[in-house]
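The analysis underlying the following values was restricted to heavy atoms, covering all of them including side chains, and did not include hydrogens, waters or symmetry mates.
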There are 4 protein chains.
Amino acid sequence: MAPKIVDREMRRMEIAGAAGVLFGKYGFDKVTIDDVAEAAGIGKGTVYEYFKNKEELIHGAFEIMLSHMGTEIEKSVDLTLTPLEALKSSTYAMVDVLEHVGEQYGFFLEYMLLLNRGKGNLALLQNMFQEYRSMIAGLLEAGIDAHQVRSDIDTASVAAAFAAWLDGAIFHWMILPTPGMKTMATAFWDAFVQGVALKREE
Amino acid sequence: MAPKIVDREMRRMEIAGAAGVLFGKYGFDKVTIDDVAEAAGIGKGTVYEYFKNKEELIHGAFEIMLSHMGTEIEKSVDLTLTPLEALKSSTYAMVDVLEHVGEQYGFFLEYMLLLNRGKGNLALLQNMFQEYRSMIAGLLEAGIDAHQVRSDIDTASVAAAFAAWLDGAIFHWMILPTPGMKTMATAFWDAFVQGVALKREE
Amino acid sequence: MAPKIVDREMRRMEIAGAAGVLFGKYGFDKVTIDDVAEAAGIGKGTVYEYFKNKEELIHGAFEIMLSHMGTEIEKSVDLTLTPLEALKSSTYAMVDVLEHVGEQYGFFLEYMLLLNRGKGNLALLQNMFQEYRSMIAGLLEAGIDAHQVRSDIDTASVAAAFAAWLDGAIFHWMILPTPGMKTMATAFWDAFVQGVALKREE
Amino acid sequence: MAPKIVDREMRRMEIAGAAGVLFGKYGFDKVTIDDVAEAAGIGKGTVYEYFKNKEELIHGAFEIMLSHMGTEIEKSVDLTLTPLEALKSSTYAMVDVLEHVGEQYGFFLEYMLLLNRGKGNLALLQNMFQEYRSMIAGLLEAGIDAHQVRSDIDTASVAAAFAAWLDGAIFHWMILPTPGMKTMATAFWDAFVQGVALKREE
DNA sequence: AATGAATGAGAATTCATTCAT
DNA sequence: CATGAATGAATTCTCATTCAT
């Protein structure tokens with residue numbers, strides 16, 4: 001019945017993907033709809049067939065980015081290890097991932113700005129944060145059960161603090177690449193897990 | 001030396017300050033030179049007497065912001081305390097400061113984008129990071145000397161990781177205000193100082 | 001002859017009719033081909049199967065409008081009355097009609113503009129004017145024969161002036177609804193007819 | 001104090017005037033802001049210094065047109081004549097004026113459309129209509145006092161009908177130039193005056 | 001020095017029209 | 001015949017920057 005068979009959802013993703021790459025490289029404001037159309041290999045008007053306006057485009061691109069990251073997070077956990085080991089290896093895996101998406105980082109910041117201005121789909125990012133925190137909290141609880149982790153900690157808060165560190169680290173690393181992420185991760189892991197105090201307060 | 005020069009520098013600061021507030025509230029691209037001029041109580045053309053173009057304006061505004069933060073950092077350290085106590089109180093003080101500059105956060109992100117695109121005065125921010133790290137590293141070393149802190153840590157790397165955490169925390173808190181900064185800071189500090197492991201690895 | 005042709009013509013009218021309503025309500029430029037297609041319950045491309053372009057569409061819509069008006073004009077004349085009574089009742093009938101097509105008035109103006117720019121089917125409208133004038137002139141001549149109307153008038157010119165009044169009245173009424181069409185028509189009729197009548201009505 | 005002395009009101013009029021001419025010739029939608037700027041001998045952006053958007057421009061142009069017409073109306077009345085003679089000469093003068101502003105007629109229609117769509121400054125045009133009606137009503141009343149005009153007419157309604165006629169005539173003349181305005185005016189005047197005059201002219 | 005009028009490059013968006021299916 | 005996806009020409013409007021006063 002339809003005269004032209006086009007997988008609209010697929011096409012939408014393609015366009016948003018092309019846009020995301022450009023946004024990451026040059027920034028939202030510097031990228032014109034013409035640029036996006038050219039990168040996607042379509043006409044300018046066609047972009048508007050799939051996205052009402054430029055803002056919808058950045059939302060679409062962001063969704064794609066988040067879903068990629070969600071996949072990476074899931075892949076990072078190795079369930080064959082002990083809880084603490086799993087947390088450690090997951091953290092290193094995430095550091096690895098983030099180190100390689102530097103190009104996307106600009107786009108990520110860009111979207112944070114949108115959120116900061118009250119536009120943007122905040123819930124989407126909150127969900128990702130929540131999920132990451134839950135995963136960490138889960139490992140910490142498993143660690144308590146396995147007598148690897150102190151039982152007097154508030155796992156939710158500790159997980160939140162832990163997750164925050166990861167984003168802070170990538171941020172600092174973007175600004176100041178020394179010491180490397182690996183070094184920082186090791187130092188953090190050591191201090192966080194072992195504590196820096198000479199003695200435990202009893 | 002001549003009073004004119006001082007006046008000129010003062011006026012420059014005023015303009016950049018007004019610009020900074022606007023940039024923080026509405027974003028660099030949304031703020032027009034007209035807006036800045038009006039906020040500074042001068043004519044549009046006059047802005048160009050003090051700043052070559054709009055980009056110089058954002059650099060000026062960022063410098064002011066950083067110098068404010070530098071002042072806050074310095075004020076946050078209480079030298080009458082023991083090293084670890086000083087680090088703790090400084091951290092809480094910084095959390096306090098950051099919690100109250102949320103409005104500026106958009107502008108901060110904005111400038112990060114500039115840096116990410118290769119524009120912007122990267123060194124300025126790097127210096128601030130370095131100074132903050134040095135301060136922390138100094139406290140850690142004093143802590144070692146005072147037998148409060150394990151002597152086997154790499155103070156520079158740990159300081160870097162510590163500083164990163166602070167920025168990650170404010171970032172996460174902007175996105176997901178639960179649990180509050182205070183709770184996260186407490187959880188982090190506890191883990192950092194005490195470690196989360198049930199036992200120290202020997 | 002072939003039923004297909006009839007169907008085609010019917011469909012053409014449907015589309016033009018739908019377009020006319022929209023043009024009247026929102027104006028030619030504000031109405032998109034998509035709007036017309038939707039209103040006609042067909043696909044956008046199908047409109048082009050029946051009309052070469054958007055301009056043809058407005059011509060088609062105008063033709064329909066004119067043919068409606070032509071019908072109304074014909075219906076307005078009651079041949080059982082004396083010539084002057086027929087002219088009077090016809091005028092009141094037309095006033096009635098026009099008062100109720102206010103919605104179409106915008107479209108009418110729109111088409112006048114097309115004509116003014118040298119586009120548009122001028123002859124069509126001229127014919128309608130001519131026919132209306134002829135009808136009035138005919139009644140005036142019958143009036144002369146019936147000794148109801150002064151024989152020294154130029155019936156053609158008087159008919160033209162009379163017809164013009166009707167359009168002027170509706171126009172003024174659109175802009176300034178006071179006094180109502182009825183009041184104006186009565187005043188006009190009184191002034192106009194008392195002048196052309198052979199004898200004053202006492 | 002102001003660095004550049006420009007009579008803003010004067011400039012505004014110039015621009016609106018240039019725009020009005022173009023609107024009349026080619027129609028509102030066909031005229032681009034670039035066209036207006038070029039015709040006014042200024043840059044595109046400058047138009048926006050004086051008019052918020054294209055719509056404001058048409059309002060400005062219309063105001064100028066109306067004020068021109070108002071002037072013409074005032075000039076058309078010769079107070080040295082008897083009331084009826086004054087009305088007659090004024091009517092012929094208006095016919096003369098209108099015959100020569102045919103070029104503006106398209107623009108006039110255009111604005112009528114704006115009014116029809118609920119935009120546009122309706123009151124402006126209503127005032128002009130009112131004033132014209134008042135002038136005519138005044139002459140009619142003077143005519144009654146001078147025993148030139150029947151005292152049993154409703155001067156306000158007759159004046160409204162009279163004014164409407166003028167606009168209808170110009171409209172019909174635009175569409176169908178035969179018979180000429182003069183001929184139609186004569187026919188109308190003859191019918192009108194013979195009807196309202198206290199006595200028939202012999 | 002200070003100003004704000006003038007400018008035009010540049011960008012988002014719309015929509016009539018085409019054409020492959 | 002019918003369709004609607006694709007297109008790009010065209011248009012409005014913004015705003016950083018210049019410069020005469």
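As rounded to whole Å, 9 Å separates atom P of dT3(F) from atom CD of E49(C). Summarising the geometry, the separation between CZ on F28(A) and P on dA11(E) is reported as 13 Å, rounded to the nearest angstrom. Summarising the geometry, the separation between CZ on F23(A) and P on dA11(E) is reported as 13 Å, rounded to the nearest angstrom. Atom CD of E56(D) and atom C1' of dT12(F) are 15 Å apart (whole Å). Atom CD1 in I42(C) sits roughly 10 Å away from atom P in dG4(F) (whole-Å rounding). Between the CZ atom of F51(D) and the C1' atom of dT12(F) there is a distance of 16 Å, given to the nearest Å. Computed from coordinates, the D29(B) CG to dC13(F) C1' distance equals 16 Å when rounded to whole Å. Nucleotide dA11(E) holds its P atom 16 Å from the CG atom of L57(A), rounded to whole Å.
G45(C) comes within 4.0 angstrom of a nucleotide base, judged by non-hydrogen atoms across all strands. Within the 4.0 angstrom heavy-atom criterion, base atoms lie near K44(A). Nucleic acid contact class of V31(B) (heavy atoms, under 4.0 Å, all strands): sugar-phosphate only. When heavy atoms are screened at a 4.0 angstrom cut-off, D34(B) is found touching no nucleic acid atom at all.
Taking every heavy atom of both residues into account, F28(B) and E110(B) meet most closely at N-OE1, 3.2 Å. The minimum heavy-atom distance linking L57(C) with A16(C) is given by the pair CD1-CA, 4.5 Å. Heavy atoms only, all atoms of each residue included: G106(B) and L113(A) are closest at O-CD2, 3.2 Å.
Applying the 4.0 Å criterion to OP1 and OP2 of dA1(E), one finds that R11(B) has every side-chain N and O outside that range. Note on T46(B): a side-chain N or O is less than 4.0 Å away from OP1 or OP2 of dT3(E). Here Y50(D) does not reach the OP1 or OP2 of dA5(E): none of its side-chain N or O atoms lies under 4.0 Å away.
Here dA6(E) sits opposite dT17(F) as a Watson-Crick or G-U wobble pair (both hydrogen-bonding atom distances under 3.5 Å).
Side-chain proximity of R8(A) to the nucleotides dT13(E), dC13(F), dA5(F) is greatest for dA5(F).
Residue whose closest nucleotide on DNA chain F sits further toward the 5' end, between G43(C) and Y48(D): G43(C).
The backbone N or O of E56(A) lies less than 3.5 Å from a partner atom in the side chain of N53(A), making a donor-acceptor pair.
Each of F62(D), F23(D), Y105(D) was compared with Y111(D) under the ring pair (Phe, Tyr, Trp, His ring centres under 6.0 Å) criterion, and only F62(D) meets it.
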